[in-house]
Amino acid sequence: MTKIFVLSCVLFLAASGFVHGSHEKKKDHIRLFELKKGDLSIKVTNWGATLVSVILPDKNGVLGDIVLGYDSPMAYTNDSSYFGATVGRIGNRIGGAQFTLNGIHYKLVANEGNNTLHSGPKAFSDVLWDVKKYIKDGDKPRITFSYLSFDGEGGFPGDLLVTVSYILGKNSLSIIMKAKALNKATPVNLLNHAYWNLGNHNSGNILNEVVQIFGSQVTLFDDNLIPTGKFASVKGTPYDFLEPHTVGERINQLAKTNGYNTNYVLDGAKGKKTKLGAIVVDKKSGRVMKLFTNAPGLQFYTANFVKNEKGKGGFVYQPRSALCLESQAFPDSVNHPNFPSTIVTPQKPYKHVLLLKFSTKIPHAFSHF
């Protein structure tokens, strides 16, 4: 009965243009969509289910765009920085570009030395997604993108039906990522790769932005940024953001990685409930962003590899021009049994919730900066 149901699903999706369809569509189908609620508006594109802009007021009511990106949605087809992209089937790194699942060895496409980064050179950020629902404004503006990843895509097993929804609330943006394995167990770790600069995308570096991360540990990594499987306390290290610190206060102590690029183990991460993962404050603009997620980890990255990248309005982005806060499963989880599992089965679907709340009300703990 189950096999018949799965076959029926695949046949229906094929008839609807899902199966392999996103690979066959031409790039002239790339579109830009806007959602608006009050003073908050965003733009997204169906190429990579990508977040293109987030526009909201500063403390003086002046509107500004706080994510890095490009003017044209077509430009995202040549992006190598994953600006605003939905990353999958597995975000972050997989050591040796391989893993074993249920006794079967899977070899992936290596695109960072001998390792796989963000599922290889052509993954979810590099395809057209279908638009399943689009409500531009009103009480709850939203858009839902859908993509069917085929068995063997990038080396991963099984057909996987994925949806990503962007939903605006009162001064908030929710990004809800879901996946359902149709016929085989497979690892899944979807993430949003927005580059945030609360001062405005073209305001320069983020060294004076103040960050608090509610993670008491990090996953240790080797010279290739692959986790070793061990954990370490952040206390007494430049990674300690349990109390607020400016990004630039200790960043030069991280010469090995030229800045922050590590996965935090979020406190209170057990269970499926959403919890506060991080707070970012830009004192000059007065903007505040609070990040809530149900994911166990949070990658903090300071755009270390962005260099001379021509972005919106011709502004040229450089290292440390933004920060990424990617809620996620731990990197390379498929090769570390002691990490929370990323395996999704037909009986066990995947749901990743990311909620971003914006304001100009600076928390008391940040007032002395």
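In summary, the aromatic rings of Phe330 and His336 are positioned with their centroids too far apart to meet the 6.0 Å limit. Here the two rings, on Phe214 and Phe292, have centers that are 6.0 Å apart or farther.
With rounding to the nearest 0.5 angstrom, the CG atom of Asp65 is 8.5 Å from the OG atom of Ser41. To the nearest 0.5 Å, atom CG of residue Asp240 and atom NZ of residue Lys235 are 7.5 Å apart. For the atom pair CG of Asn92 and OG1 of Thr116, the computed distance is 11.5 Å after rounding to the nearest 0.5 Å. Going from atom OG of Ser174 over to atom CG of Leu356 covers 8.0 Å, rounded to the nearest 0.5 Å. The CD1 atom of Ile176 lies 9.0 Å from the OG1 atom of Thr163; values are rounded to the nearest 0.5 Å.
Phe221 has its side chain out of reach of Asn261: every pair of non-hydrogen atoms, C-beta onward, lies at least 4.5 Å apart.
A donor-acceptor contact closer than 3.5 angstrom is absent between the side chains of Glu326 and Asn192. Side-chain atoms of Gln217 and Asp267 include no donor-acceptor pair closer than 3.5 Å. When only modelled atom types and interatomic distance are considered, Arg287 and Asn200 share a side-chain donor-acceptor pair under 3.5 Å.
Between Phe300 and Tyr264, the ring planes lie tilted relative to each other; the angle falls in the 30° to 60° range.
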